[in-house]
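Below: the structure, in structure tokens.
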Amino acid sequence: MATKSSIEWTSSTWNPITGCTKISSGCKNCYAERMTKRLQAMGDSNYRNGFRLTCHKHTLDIPLQWKKPQTIFVNSMSDMFHEDVPLDFILEIFATMNSATQHLYQILTKRGKRLYELSSLLPWNENIWMGVTVETSDYKYRIDYLRKTEAFIKFLSIEPLLEDLDILDLTGIDWVIVGGESGPGSRPMKSEWVRNIRKQCQKQKVPFFFKQWGGL
């Protein structure tokens with residue numbers, strides 16, 4: 001439930017939750033769902049339920065065992081703010097992050113509304129970064145929810161970028177990641193969409209990270 005990561009913007013992953021349900025266009029070709037099928041076929045007991053949402057209490061102390069500081073993507077195989085994840089379990093995850101402060105944690109959600117609703121109940125720390133996914137203009141409202149949270153560092157994952165996002169208000173946003181979709185059935189990303197975002201990041205003085213063009 002914890003591995004070195006090939007994701008360019010992080011170094012390790014930690015998955016106290018696995019499984020999810022699709023809620024927006026970016027979910028269509030879900031990488032985590034494909035990987036879950038592979039891991040289940042390999043007999044990994046943590047994926048015995050397939051892609052059905054599952055909380056893994058036995059994994060909560062994993063970051064405490066890593067003494068060397070790492071950048072950790074939390075729940076790369078799920079969404080911490082899924083409506084079926086109990087608040088008590090989210091608080092247990094935050095307790096670990098607040099105990100193992102040698103690490104930097106990156107959390108990403110498509111469920112900005114629940115993130116905002118729970119934010120004031122969570123013990124945020126400077127080593128806990130919070131992000132939302134914005135794949136089309138229909139989901140720019142997630143940025144507003146993120147902006148209202150108590151997270152110290154707020155970032156956007158604009159991946160997979162599926163259309164031109166037009167104007168972006170990056171007030172209160174600390175970092176923007178952009179990338180195309182990869183894997184079977186991947187949808188193409190146009191260079192002008194990327195340039196538009198990069199230009200706005202430069203104008204609003206927000207760091208810009210380009211991850212990948214995508215494709216098979």
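Values reported hereafter were calculated over all heavy atoms of this structure, with side chains retained and with hydrogens, waters and symmetry mates removed.
Between T136 atom OG1 and L162 atom CG the span is 7.0 Å, to the nearest 0.5 Å. The distance from the CG atom of L115 to the CG atom of L122 is 8.0 Å, given to the nearest 0.5 Å. Taken from OG in S25 to OH in Y139, the straight-line distance is 4.5 Å, to the nearest 0.5 Å. Distance check, rounded to the nearest 0.5 Å: CG of N75 to SG of C55 gives 8.5 Å.
Side-chain contact of S120 with E150: a donor-acceptor pair under 3.5 Å is absent, judged by distance alone.
Electrostatic pairing of K211 and E159 counts as a salt bridge here, judged by a charged N lying under 4.0 Å from a carboxylate O. For the pair K154 and D174, the salt-bridge criterion is not met [side-chain N within less than 4.0 Å of a carboxylate O].
Shown are K22, E33, Q40; of these, the side-chain contact (heavy atoms from CB on, under 4.5 Å) with F51 is made only by E33.
The shortest side-chain heavy-atom distance between L118 and F81 falls under the 4.5 Å cut-off. In this structure the side chain of D164 never reaches within 4.5 angstrom of the side chain of E192, judged on heavy atoms. Side-chain contact between M77 and M35: present, with at least one pair of heavy atoms (C-beta onward) separated by less than 4.5 Å.
Every salt bridge (Lys or Arg N to Asp or Glu O under 4.0 Å) that E92 has, sequence neighbours left out, goes to K57.
Relative orientation of the Y47 and H56 rings is tilted, given thresholds of 30° and 60° on the angle between their planes.
Hydrophobic clustering (side-chain heavy atoms under 4.5 Å, transitive across Ile, Leu, Val, Met, Phe, Trp, Tyr) groups L146 together with I197.
Counted within 6.0 Å of CZ on R52, heavy atoms from surrounding residues, nucleotides or ligands total 12 or fewer; the atom is thus considered open.
A distance below 6.0 Å separates the ring centres of W124 and F94.
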